[in-house]
Amino acid sequence: MTTKEQIEALRQELRDHNYKYYVLDEPTISDFDFDMKLKTLQELEAKHPEYYDASSPTLRVGGAVTKNFETIVHEHRMYSLSNSYSKEDLEDWEKRVQRILGDVDVAFTCELKYDGASISLTYEDGKLLRAVTRGDGFQGDDVTTNIKTIKSVPLQLKGNYPPKFDIRGEIVLPLEGFAKMNEERIANGEEPYMNPRNTASGSLKLQDSALVAERPLDCLLYGIVGENTGIESQYQMLDKAREWGFKVPTISKLCANTEEVLAFVEYWDVHRHNLPYETDGVVIKINSLRYQDELGYTAKSPRWAMAYKFKAEQVSTVLNEITYQVGRTGAITPVANLEPVLLAGTTVKRASLHNADQIEKLDIREGDTVYVEKGGEIIPKIMGVNLSQRPANSRATQYITHCPECATELLRTEGDAKHYCTNYYGCPTQITGRIQHFISRKAMDIEGMGSETVELLFKEGLIENYADLYTLTKAQVMPLERMAEKSAENLVQGVEKSKMEIPFERVLFALGIRFVGETVAKKLAKAYKSIDALMGASAEELVAVDEIGERIAQSVVEFFQNEKNQDIITRLKEYGLQFELSADKLLNQTELFKGKTFVVSGVFSKVSRNELKKMIEDNGGKVGSSVSSKTTYLVAGDNMGPSKRTKAEANKVPIISEDDFLAMLTTS
């Protein structure tokens, strides 16, 4: 046997043993024998670097140091799930599904919702190419080096797998391993970690992969994304992933109706405490991938999936004080400052009280003993008051009448739940809040600058609005507290870098126009293509844009009519920010389908479903999710849902083929 053959044979043997131990939990050799074989392979690879293989089992021991994690745009967006908390929520979701799909039999796949850090793994030719955190769903951090240290993540797949695909899952810390980590920390005189989820998430961003390798992390996978995978259902997807070598939880069930789904939920709500991992609910998915395609997505979530959350843990504690926060739009949010209490693995000291109506509805007062739980296991909220423990001298809460930051009288318009400080350009917290929003990752993503730096720059009189950021010099920034020469240099460079790297739609989002979030900013940028065109639009014209209602339209008009905003935008233009769509984005964009709505259904042979939708949008059209009288065309592929054809015929909507659609583009 040649040296190369010996190395390859050892690699394959170790991969097989690794799979049996960490995925199947059926080891066939001792840890000592495994370590000896691994050591032999390490020695051979060290002597023969010409046989390097990125998927070698020896790379799992870690050692590489990552100073800065590269930001990677997800090829397929990672959506968040809609949550349900009751049988009624689930039944309402099923009705929405049936309205779109029509009178068809729908099966559901139920899986446990593991509480970890979301990850997307990309495989090409059977090898792990890249591992990226969820981030904001559109982009995340490349943590491949750290993920390679997790033994249950295959570096080389088995069997007959697609040439390229993404697989999604959770990086989790098993409860037993978490307990052992904390035992060691306590023995060393260190503070124990608070909960497995946060510890798992933090592990992914450790700079030294050798430290990650020491942690007993696991990777549970549940969803494959890609073109031409040959998979037809979610349940088949789970089986295929297991065949290819992935660790896929065995607890899942194919259910014929919501009664079976609820039985699964009720069983695991009780028995989840016996599992080796933390879980916080059940994920229910439409089993058929064809139906999933039919249902599509909202701006945030897939319509074909729902997370049924287990009842949140609830504790009681004392509300010491109610304080008030001012947001960047002037909205006032009351905050409950609590006696610290442990809840769902974290110490809770504060909870949102939402608005004056919520305080009045629950009659919440300072000094009350209140019931607190985490909404969706994330944000603490007050659910009620223990009136039997209310102090005798208790007084009803009087909601503030003036801004806690600038003393301006608060305004509450009819139909609005919130009170607002109207001192938009003079209230310090609003000013710094807008600048903090401007520099944030989803907006201008200015490296080297955080919220504290913004407040310091404002306090020192160096900035009064976000346009002032582009006049900062290293000499101005250097004297600031905790600002070394390198930090000052990075800050100024980060500001400069944002000019050319951040596209128009994100600059528009960064401006902080009320009600204009990421999705609305993208739609407005696409519709108007430049800031000048958008600034000249009337409320009536804006409402004509897909998903832009009167409230958003009025807010946009008011923002651009303000002279101070106009001056700031003029300055930002002069500094070189991107205030029109790039040439690449404008390429192949036309108004050919303006005013037309297409519904896309089925499987296509010449272009992918997503490419077809992009072609519609690039040419000014709208992609609808369901057929109605307002639909212009139904583009029908193979295996199209029967309900869409029936609705199209009933509403006299023309049904066109993939070739018909492509001909529309080429003959225009």
Side-chain angles (χ1 to χ4, degrees), residues 54 59-60 62 64-81 113-124 127-155 164-174 178 193-226 241 246-249 277-278 280 283 297 300-302 305 307 345-346 376-378 440-443 445-447 450 501 506 518:
L59 296 179
R60 292 191 182 279
V65 174
T66 306
K67 290 286 181 67
N68 295 298
F69 293 93
E70 184 184 357
T71 299
I72 302 291
V73 176
H74 293 297
E75 188 174 343
H76 305 280
R77 179 179 164 188
M78 294 183 74
Y79 287 85
S80 57
L81 292 172
K113 187 176 184 297
Y114 294 96
D115 201 11
S118 296
I119 197 75
S120 179
L121 309 177
T122 301
Y123 284 81
E124 192 165 3
K127 295 180 185 296
L128 177 63
L129 177 67
R130 189 183 300 114
V132 182
T133 62
R134 184 186 182 279
D136 62 5
F138 294 96
Q139 58 185 19
D141 292 323
D142 187 334
V143 290
T144 310
T145 304
N146 287 344
I147 292 298
K148 281 185 174 181
T149 69
I150 300 174
K151 308 296 194 300
S152 54
V153 174
L155 304 182
K164 186 178 180 182
F165 64 92
D166 291 351
I167 186 165
R168 272 60 191 277
E170 298 286 315
I171 303 299
V172 298
L173 192 52
F178 178 70
Y193 294 117
M194 287 301 294
N195 61 66
R197 187 204 176 283
N198 290 352
T199 309
S201 181
S203 300
L204 299 187
K205 299 300 291 292
L206 291 174
Q207 293 184 333
D208 186 349
S209 61
L211 294 177
V212 184
E214 293 174 0
R215 298 189 172 189
L217 297 170
D218 209 347
C219 182
L220 307 177
L221 296 151
Y222 50 70
I224 292 169
V225 184
F246 294 108
K247 186 166 187 176
V248 176
Y277 312 103
E278 283 195 330
D280 59 358
V283 178
Y297 300 83
K300 296 181 179 179
S301 311
T346 57
E377 303 288 342
I378 298 171
S440 65
R441 183 171 178 175
K442 293 182 182 181
D445 193 19
I446 295 179
E447 295 177 19
E501 291 196 356
R506 281 176 59 187
E518 289 175 88

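Source: prediction; values computed, not measured. Worth knowing before you read on, the calculation uses all heavy atoms, side chains too, and leaves out hydrogens, waters and symmetry mates.
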Pairwise distance CD(Gln207) to OG1(Thr145) - rounded to 0.5 angstrom: 12.0 Å
Taking the side chain as C-beta and beyond, is there a heavy-atom pair between Asp445 and Arg506 under 4.5 Å? yes
Just checking Lys300: does its NZ atom have more than 12 heavy atoms from other residues, nucleotides or ligands closer to it than 6.0 angstrom? no
Any idea which heavy atoms bring Val172 and Gly116 closest together, and the distance? CG1-CA, 4.0 Å
When rounded to the nearest 0.5 Å, the distance separating CG of Leu121 from CD1 of Ile224 is 11.0 Å
Any side-chain heavy atom of Glu170 sitting closer than 4.5 Å to one from Cys219? no
Exceeds 12 heavy-atom contacts within 6.0 angstrom, atom CD of Glu447: no
Check Lys247 against Ser152 and note the closest heavy-atom contact, atom names and distance. CD-CB, 3.9 Å
What distance do Asp115 atom CG and Asn195 atom CG have between them, rounded to the nearest 0.5 Å? 7.5 Å
Quick test of your reading of the model: are Asp136 and Arg441 salt-bridged, counting only N-O distances below 4.0 Å? no
Is it true that a side-chain atom of Ser203 and a backbone atom of Val212 form a donor plus acceptor pair closer than 3.5 Å? no
So, Arg168 versus Ser120: side-chain donor-acceptor pair below 3.5 Å or not? yes
Under a 3.5 Å distance rule, please check whether Tyr123 uses its side chain to pair with a backbone N or O of Ile167 as donor and acceptor. no
I'd like to know if the side chain of Ser301 and the backbone of Ser80 have a donor-acceptor N/O pair within less than 3.5 Å. yes
Check the side chains of Asn146 and Ser209 for a donor-acceptor pair under 3.5 angstrom, ignoring hydrogens and angles. no
Euclidean distance, Asp166 CG relative to Thr122 OG1, rounded to 0.5 Å: 3.5 Å
Kindly say whether Ile119 contributes a backbone atom to a donor-acceptor pair with the side chain of Arg134 at under 3.5 angstrom? no
Donor-acceptor pair, Asp218 side chain versus Leu220 backbone, under 3.5 Å? no
Residues Glu278 and Arg197 bridged, charged N to O under 4.0 Å: no
In the structure I gave you, are the side-chain heavy atoms of Pro216 and Leu173 within less than 4.5 Å of one another anywhere? yes
Euclidean distance, Leu221 CG relative to Tyr114 OH, rounded to 0.5 Å: 11.5 Å
Minimum heavy-atom distance between Val132 and Gly140, given as atom pair plus value: CG1-C, 3.5 Å
Charged N-O contact under 4.0 Å between Glu75 and Lys164: yes
Could you report the tightest heavy-atom contact between Ile150 and Leu217, atom names first, then the distance? CG2-O, 3.5 Å
What pair of heavy atoms forms the shortest contact from Met194 to Phe178, and how long is it? C-CZ, 3.9 Å
Report the relative orientation of the aromatic rings in Tyr79 and Tyr297; use parallel for angles under 30°, tilted for 30 to 60°, perpendicular for over 60°. parallel
Any donor and acceptor pair, going by atom type alone, linking the side chain of Asp141 with main-chain N or O of Val143 inside 3.5 Å? no
Tightest non-hydrogen contact, residues Phe69 and Leu206, listed as CZ-O, 3.5 Å
